[in-house]
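Report on the following structure.
What you are looking at is a predicted structure, and each value in this text was computed from that prediction instead of being measured.
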Amino acid sequence: MKPETVISAYAEEIDARTNTRVLTNEPGRMVYQIDGQDGSGTVEVLTLFPGVILQFHSFHCKSFRLAVNGNVNEGLKINFCSEGRMEVRMSDNLCLFMEPGNLSLDVRTAQDSFQFPCGHYHGVELFLHHSSIGKVFPEAWEELKINPTKIQDRFCGEGKSYVIFADERFKQIFDNMLNAPDECRTEYLKIKATELLFLLGSVEMPDKSDTASLMTTGQVEIAKQVMEIVTRDLSQHTSVETLAGMFGISPSSIKNYFRGVYGKNISTYLRETRMSAAALALRDGKQPIGEIATAVGYENASKFSAAFKSFFGETPLEYRRQSRCGI
């Protein structure tokens, strides 16, 4: 495949999918929608240079499945997560997790399952198709000694992933991309992509990837089973030690796996889940507050009321009254 034909092949792949539809298709720019079972997302695709594509991802769903053509998607992928959280299974069956502030470089191909544990994800991807790596790029890149092949070898040698929390220099570049001026958007994004590649090839970077962002499918499955166990009955309390015994691993492993998948510790996740369930019960029913307290795991209404006020800024009774009045 030639660099000039990448975007047309990409468009053909999108047309062939049953859960996608093109919203905008114009020279150098395409926007398409992906439908999942519980929501959808949009992807804006911009061609900056032949074989060099910038994508803006915006998803509001828990997951979707997407068959991926390896030939079209082979190359260097530079991703930045601005909001939300994403889990994607890669071609080596390791799961990559992206959370706000994560910068990743990867040459592996994503598999068909994309998960968004927080229910949403927003990010930016600069993609250099393999057909463009090592080819002649804009003159400015040559003058700045930007070499995509060296960047790929530096961070993704032997097909490995590289994931870190971006420092302020990189965060600023992606923030500028997300807020590019409409009057000169494409040209501005070309400059920012050039700046990004220049920094990746020139500045000091951590030697090692953040291993917490990469997990085996087995580790991910344990974390998801733990989530199901602790949220199945919110009136019950299951200790980390008990959970560890169920899976035959250490309590610290349970904590690390859960944090790796959901981006927060078990107690924080449970607290948010309990408060969400309590708020729903207060809004939608006439159940006594004491019963709601017991149902979400509190010994009595007093402790529940204090926890609820700490979380929402008002007591359960105040919350119920305001909800009924539509305030």
Is atom NZ of Lys160 surrounded by more than 12 heavy atoms (other residues, nucleotides or ligands) closer than 6.0 Å?
no
Answer yes or no: is there a side-chain heavy-atom contact under 4.5 Å between Lys77 and Leu105?
no
With a 4.5 Å heavy-atom cut-off, do Lys255 and Arg259 have their side chains touching?
no
Classify the side-chain pair Ser161/Arg108 by whether it contains a donor and acceptor separated by less than 3.5 Å.
yes
Do Ile222 and Gln225 have side-chain heavy atoms sitting under 4.5 Å apart?
no
Minimum heavy-atom distance between Leu128 and Pro148, given as atom pair plus value:
CD2-CB, 3.7 Å
Among the clusters formed by ILVMFWY side chains lying less than 4.5 Å apart, do Phe165 and Tyr121 turn up in the same one?
no
Could you walk me through whether Phe258 and Tyr269 pass the ring-ring contact (aromatic ring centres under 6.0 Å, His included) test, one step at a time?
CA-CA 10 Å; Phe258 195 93; Tyr269 187 93; 5.3 Å; yes
How close do Met215 and Val220 get, counting heavy atoms only, and between which atoms?
CB-CG2, 4.0 Å
Counting distance only, does the side-chain N/O of His237 pair as donor-acceptor with the main-chain N or O of Gly297 below 3.5 Å?
yes
Would you say the side-chain atoms of Asn176 pair up with the backbone N or O of Asn179, donor to acceptor, closer than 3.5 Å?
no
Parallel, tilted or perpendicular: which describes the rings of Phe64 and Phe116, with under 30° parallel and over 60° perpendicular?
tilted
I would like to know whether Cys95 and Thr217 meet side-chain contact (heavy atoms from CB on, under 4.5 Å); could you show each step before the answer?
CA-CA 6 Å; Cys95 293; Thr217 53; 4.0 Å; yes
Do you reckon Trp141 sits in the same ILVMFWY cluster as Leu199, going by side-chain contacts under 4.5 Å, direct or chained?
yes
About how many Å separate OH of Tyr162 and CG of Leu214, when rounded to the nearest 0.5 Å?
12.5 Å
Shortest non-hydrogen separation from Thr315 to Phe308 and the atoms involved:
C-CD2, 3.9 Å
Partners of Thr294 by side-chain hydrogen bond (donor to acceptor under 3.5 Å, both in side chains), sequence neighbours excluded?
none
Please assess Gln152 against Val107 for the test side-chain contact (heavy atoms from CB on, under 4.5 Å), listing each intermediate value before the final yes or no.
CA-CA 8 Å; Gln152 178 172 303; Val107 293; 3.7 Å; yes
Starting at NZ of Lys224, measure out to CD of Gln219 and round the result to the nearest 0.5 Å.
13.0 Å
Can any side-chain N or O of Ser202 pair as donor or acceptor with the backbone N or O of Phe198 at less than 3.5 Å?
yes
For Asp106 and Ser104, what are the C-alpha separation, side-chain angles and deciding distance, and is it a side-chain hydrogen bond (donor to acceptor under 3.5 Å, both in side chains)?
CA-CA 6 Å; Asp106 218 314; Ser104 72; 5.8 Å; no
Looking only at heavy atoms, the pair that brings Ala223 and Tyr262 closest together is O-CE1, 3.8 Å
Whether Arg320 and Glu314 form a salt bridge (side-chain N of Lys/Arg under 4.0 Å from carboxylate O of Asp/Glu) is what I want to check.
no
Lys171 side chain vs Gly101 backbone, donor-acceptor pair below 3.5 Å:
no
Please check if Ile151 and Met205 belong to a single hydrophobic cluster, counting links between Ile, Leu, Val, Met, Phe, Trp and Tyr side chain heavy atoms closer than 4.5 Å.
yes
Side chain proximity check, Arg89 to Phe114, heavy atoms < 4.5 angstrom:
no
Check: Arg85 side chain, Val261 main-chain N or O, donor-acceptor pair, under 3.5 Å
yes
Could you walk me through whether Glu83 and His120 pass the side-chain contact (heavy atoms from CB on, under 4.5 Å) check?
CA-CA 8 Å; Glu83 293 181 43; His120 66 102; 4.3 Å; yes
Any donor-acceptor pair under 3.5 Å linking the side chain of Ser310 with the backbone of Ala306?
no
Rounded distance [0.5 Å steps], CD in Glu99 versus CD in Glu87
13.0 Å
Name every donor-acceptor pair, under 3.5 Å, that has one atom in a side chain of residues 279-292 and the other anywhere in the protein, sequence neighbours excluded.
unit_1, atom_1, unit_2, atom_2, d
Arg283, NH1, Tyr319, OH, 2.7

Hey, are the side chains of Leu103 and Ile78 touching, using non-hydrogen atoms and a 4.5 Å cut-off?
yes
What I'd like to find out is whether the side chain of Tyr257 reaches to under 4.5 Å of the side chain of Ile249, using heavy atoms alone.
yes
Distance-only polar pair, side chains of Ser305 and Ser302, donor-acceptor under 3.5 Å:
no
Anything under 3.5 Å between a donor and an acceptor, one on a side chain of residues 42-59, the other on a protein residue two or more places apart or in another chain? List them.
unit_1, atom_1, unit_2, atom_2, d
Glu44, OE1, Arg185, NH2, 2.9
Glu44, OE2, Arg29, NE, 2.7
Glu44, OE2, Arg29, NH2, 3.4
Glu44, OE2, Arg185, NH1, 2.7
Gln55, OE1, Tyr10, OH, 3.1
Gln55, OE1, His57, NE2, 3.3
Gln55, NE2, Glu125, OE2, 3.4
Ser58, OG, His122, ND1, 3.1

Tell me whether Glu299 at atom CD has more than 12 heavy atoms from other residues, nucleotides or ligands lying less than 6.0 Å away.
no
Does either side chain, that of Thr268 or that of Asn265, offer a donor lying less than 3.5 Å from an acceptor on the other one?
yes
Would you kindly confirm whether Ile191 and Val203 end up in one hydrophobic cluster when ILVMFWY residues are joined by side chain heavy atoms under 4.5 Å apart?
no
Can you confirm whether the side chains of Gln322 and Glu318 place a donor and an acceptor under 3.5 Å from each other?
no
How close do Val230 and Leu270 get, counting heavy atoms only, and between which atoms?
O-CD2, 3.3 Å
Is Asp35 reaching over with its side chain to a backbone N or O of Ser40, donor-acceptor style, under 3.5 angstrom?
no
Compare all side-chain heavy atoms of Thr24 with those of Met30 and state whether any distance is below 4.5 angstrom.
no
Are Leu144 and Ile173 grouped together when hydrophobic residues (ILVMFWY) are joined by side-chain heavy atoms under 4.5 angstrom apart?
yes
Gap between atom OG1 of Thr194 and atom CD of Glu143 - 0.5 Å precision:
11.5 Å
Do Lys303 side-chain atoms and Ala301 backbone N/O form a donor-acceptor pair below 3.5 Å?
no
Closest non-hydrogen atoms of Phe155 and Leu200, given as atom of the first, atom of the second and distance, are CE1-O, 3.3 Å
Is the backbone of Glu272 close enough, under 3.5 Å, to the side chain of Ser276 for a donor and an acceptor to pair up by distance?
no
Do Asn79 and Val163 pass the side-chain contact (heavy atoms from CB on, under 4.5 Å) test, and can you show the C-alpha distance, the side-chain angles, and the key distance before you say yes or no?
CA-CA 9 Å; Asn79 274 278; Val163 189; over 6 Å; no
So, the side chain of Arg274 versus the backbone of Leu234: is there a donor-acceptor pair under 3.5 Å, distance only?
yes
Salt bridge (charged side-chain N to carboxylate O under 4.0 Å, His left out), that's the test. Do Glu187 and Lys192 meet it? Break it down for me.
CA-CA 9 Å; Glu187 292 76 13; Lys192 288 300 164 183; over 6 Å; no
Value rounded to 0.5 Å, distance of OG1 in Thr273 from CE in Met227
8.5 Å
With a 4.5 Å limit on heavy-atom distance, are the side chains of Ile254 and Ile266 in contact?
yes
